[in-house]
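Presented below is the structure to which this report refers.
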Amino acid sequence: QVQLVESGGGLVQAGDSLRLSCAASGRTFSYYNGGWFRQAPGKEREFVAGISPNGASTYYVDAVKGRFTISRDNAKATVTLQMNDLIPEDTAVYYCAAGPSGGWSRPDRYVHWGQGTQVTVSS
């Protein structure tokens, strides 16, 4: 079983940066696709970024391309989301997820989820 714990959320102003970290437990982590999703109040959970098990491939929703960077360190069993040039529209609860490769933007392809961390961006 893989367990995920997010950290790094907080309250920032537009233009600031945050780094979200996801710490994973479980020896199968290196075989899983890693991903970040976010959910704002009253909205559906949205795919933000994904990364292949070996880190060679990354995927981003158009709204964050050029601003967010996903990375992973399998030796440390972590997935990181570097968030730059934050805007109020980025405000949401951010969730780390892991699952078998394939269907990067589909929540159902991720079988393990963290508890979420709040990111609030003021104008």
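On a predicted model such as this, the values are computed, not experimentally measured, just so you know. Heavy-atom basis, side chains included; hydrogens, waters and symmetry copies ignored.
Pairing each heavy atom of S30 with each of P53, the nearest pair is O-CB, 3.3 Å. When every heavy atom of A56 is checked against every heavy atom of S52, the shortest pair comes out as N-OG, 3.2 Å. Considering all non-hydrogen atoms of both residues, A14 and S123 come closest at CB-CA, 4.4 Å.
The line from CZ of F29 to SG of C22 is 6.5 Å long, rounded to the nearest 0.5 Å. Distance check, rounded to the nearest 0.5 Å: OH of Y95 to CD of E46 gives 13.5 Å. Remark: Q39 CD to E44 CD distance equals 7.0 Å, nearest 0.5 Å.
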Quick one, I70 with R72, criterion side chain to side chain contact (heavy atoms under 4.5 Å, CB included). Give me CA distance, side-chain angles, the key distance, then yes/no. CA-CA 7 Å; I70 188 172; R72 70 187 296 161; over 6 Å; no
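Applying the ring pair (Phe, Tyr, Trp, His ring centres under 6.0 Å) definition to pairs two or more places apart or across chains, those involving residues 51-75 are Y59-W104.
No side-chain heavy atom of T28 sits under 4.5 Å from any side-chain heavy atom of H112. In this structure, Q118 and T91 have side chains that are in contact, with non-hydrogen atoms separated by less than 4.5 Å. Looking at heavy atoms from C-beta onward, C96 lies out of side-chain contact with W113 at the 4.5 angstrom threshold. Residues R67 and D90 are in side-chain contact: their nearest non-hydrogen atoms beyond the backbone lie under 4.5 Å apart.
Taking Y110 as the reference, F37 meet the ring-ring contact (aromatic ring centres under 6.0 Å, His included) condition, with sequence neighbours excluded. Taking the salt bridge (Lys or Arg N to Asp or Glu O under 4.0 Å) definition, one finds that D62 meets it with K65, sequence neighbours left out.
Checking side-chain atoms of Q115 against main-chain N and O of E6 turns up a donor-acceptor pair under 3.5 Å.
When hydrophobic residues (I, L, V, M, F, W, Y) are linked wherever their side-chain heavy atoms come within less than 4.5 Å, the members clustered with V2 are L4, Y32, V111. By the 4.5 Å side-chain criterion applied to Ile, Leu, Val, Met, Phe, Trp and Tyr, V5 is assigned to no cluster and stands alone.
Residue Q13 qualifies as open at atom CD: its count of foreign heavy atoms under 6.0 Å is 12 or below.
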Anything under 3.5 Å between a donor and an acceptor, one on a side chain of residues 75-87, the other on a protein residue two or more places apart or in another chain? List them.
unit_1	atom_1	unit_2	atom_2	d
Q82	NE2	N84	OD1	3.0
N84	OD1	S17	OG	2.9

